[in-house]
Amino acid sequence: MEVVGESATPVQTLAQSKTAKVPPQYIQPPQLRPNNHRKPPPSATTIPLIDLSLSYDILLPQLSSACHQWGAFHVVHHGVPINLIHQMRAVGSSFFEDLDASEKSQYKCDQSSPASEGYGSRMLVSEKDDTILDWRDYFDHHTFPITRRNPSRWPRHPPYYRNVVEEYSEQMKLLCQKLMAMISESLGLQSSSIEDAVGEFYQNITVSYYPPCPQPELTLGLQSHSDMGAVTLLIQDDVGGLEVLKDGEWVTVQPLSDAIVVILADQTEVITNGEYKSAVHRAITNSNRARLSVATFHDPAKTRTISPALELVAKSGPRYQEVLYGSFVKSWYTKGPEGKRNLDALLL
Ligand SMILES: O=C(O)CCC(=O)C(=O)O
Ligand SMILES: [Fe+2]
């Protein structure tokens with residue numbers, strides 16, 4: 001989830017204080033708490049896995065069904081160097097685990113400006129004080145367009161941190177372009193359709209760090225939401241905690257070390273006129289091990305108007321109002337995600 005700069009005590013500091021109880025502002029209302037005692041689903045249900053090296057006649061139907069039924073899937077043979085994935089996780093974890101609190105605080109994001117770059121803990125800016133906080137710290141990097149990129153604001157440690165993030169950013173952009181072309185073709189659209197509709201990519205890379213939580217049954221690492229932009233590409237470590245909502249049930253996204261999780265976001269649902277769905281997802285916490293994920297968001301410019309593709313509207317009529325992306329973002333941050341409420345407001 002892209003982030004808004006508001007200061008709060010880093011969750012890592014709370015976790016290190018070895019408190020047995022989480023502070024009240026992290027306690028979810030009963031209906032939103034994860035049910036840690038549930039049985040695993042009968043068949044080992046998980047998100048689909050798609051091999052991008054398959055020929056299109058096999059690949060595109062698989063992709064179409066994953067986008068239609070889930071909005072989230074793993075990809076393998078994605079072309080991103082595996083070593084780079086490992087390095088990205090390693091530098092992210094090194095920032096959180098090797099620097100002390102005062103070193104990390106040098107990178108604090110600007111509390112007064114939405115979606116600011118840097119280190120923080122609090123995602124939503126709310127006028128009210130009753131926002132329930134996520135059990136998560138993060139570092140947000142602005143990476144595209146290149147004019148937003150200023151590596152001097154990124155961690156200096158380890159020494160190759162900035163190079164890894166720059167290389168990772170390029171590779172994520174390439175993969176996103178490849179996926180948008182395949183997703184367009186799987187709907188019978190021109191391969192450039194989705195990318196043309198999104199326009200120049202605004203790319204942010206958010207490293208999320210979820211420290212061990214003394215009361216995981218009461219908290220969420222990250223509240224239920226769909227991502228607001230077009231396509232999110234996510235890697236995680238081997239701890240596990242990402243869940244996707246499918247037919248009213250939370251399904252665990254099993255960590256797969258070399259795979260990348262593709263999460264369709266709200267603007268893709270609008271552009272595809274609802275043929276493909278954005279995935280509602282959340283992160284749960286655990287009491288044993290810190291967890292790390294790296295989400296790379298690809299969004300339209302705030303000045304961009306997003307509307308359903310005309311070819312799809314011709315088939316079934318428009319299902320969503322067009323939306324100025326900047327207004328969508330504003331509403332997301334002020335009202336909060338609460339699942340897909342902002343997208344639902346556009347439904348015709
Ligand atoms: O940590 C995760 O697995 C989920 C992160 C996420 O959904 C986000 O940053 O939007
Ligand atoms: Fe997300």
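Order of listing sets the numbers, starting from 1, for every ligand and every atom in it.
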Do we see a donor-acceptor contact under 3.5 Å between the side chains of [X] and [Y]?
X    : Y    : value
S64  : Y276 : yes
E269 : S278 : yes
T219 : T285 : yes
N204 : H298 : no
Q190 : S184 : no
T46  : Q254 : no
R89  : S293 : no
Y107 : E117 : no
R282 : Q223 : no

With the Fe ion (ligand 2) at the centre, find the angle made by NE2 from H281 and NE2 from H225, to 10°.
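Taking the Fe ion (ligand 2) as the apex, the two atoms subtend 90°.
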
If you take the nearest heavy atom of each of [options], which one is closest to [atom]?
atom                   : options                : value
atom 2 (C) of ligand 1 : A295, S293, S226, G240 : S293
atom 3 (O) of ligand 1 : Q236, H281, R291, R136 : R291
atom 4 (C) of ligand 1 : L292, V294, L234       : L234

List ligand 1 atoms under 4.0 Å from [X], heavy atoms only on the residue side.
X    : result
Y210 : 1 (O), 2 (C), 4 (C), 5 (C)
F297 : 8 (C), 9 (O), 10 (O)
L222 : 5 (C), 6 (C), 7 (O), 8 (C), 9 (O)
H225 : 6 (C), 7 (O), 8 (C), 10 (O)

Does D227 approach ligand 1 within less than 4.0 angstrom via side chain, backbone, both or neither, non-hydrogen atoms only?
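Within the 4.0 Å criterion, D227 contacts ligand 1 through side-chain atoms alone.
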
Quick one: look at I263 and ligand 1, take heavy-atom pairs under 4.0 Å, and tell me if it's side chain, backbone, both or neither.
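Neither part.
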
Return yes when R282 approaches ligand 1 closer than 4.0 angstrom through a heavy atom, no otherwise.
no

Run the contact test for Y138 against ligand 1 with a 4.0 Å cut-off on heavy atoms, strictly below, and give the result.
no

Can an N or O of S208 be found at a distance shorter than 3.5 Å from an N or O of ligand 1?
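In fact, backbone or side chain, S208 has no N or O that close.
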
Restricting to N, O or S atoms of D227, which is nearest to the Fe ion (ligand 2)?
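The D227 atom nearest to the Fe ion (ligand 2), restricting to N, O or S, is OD1.
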
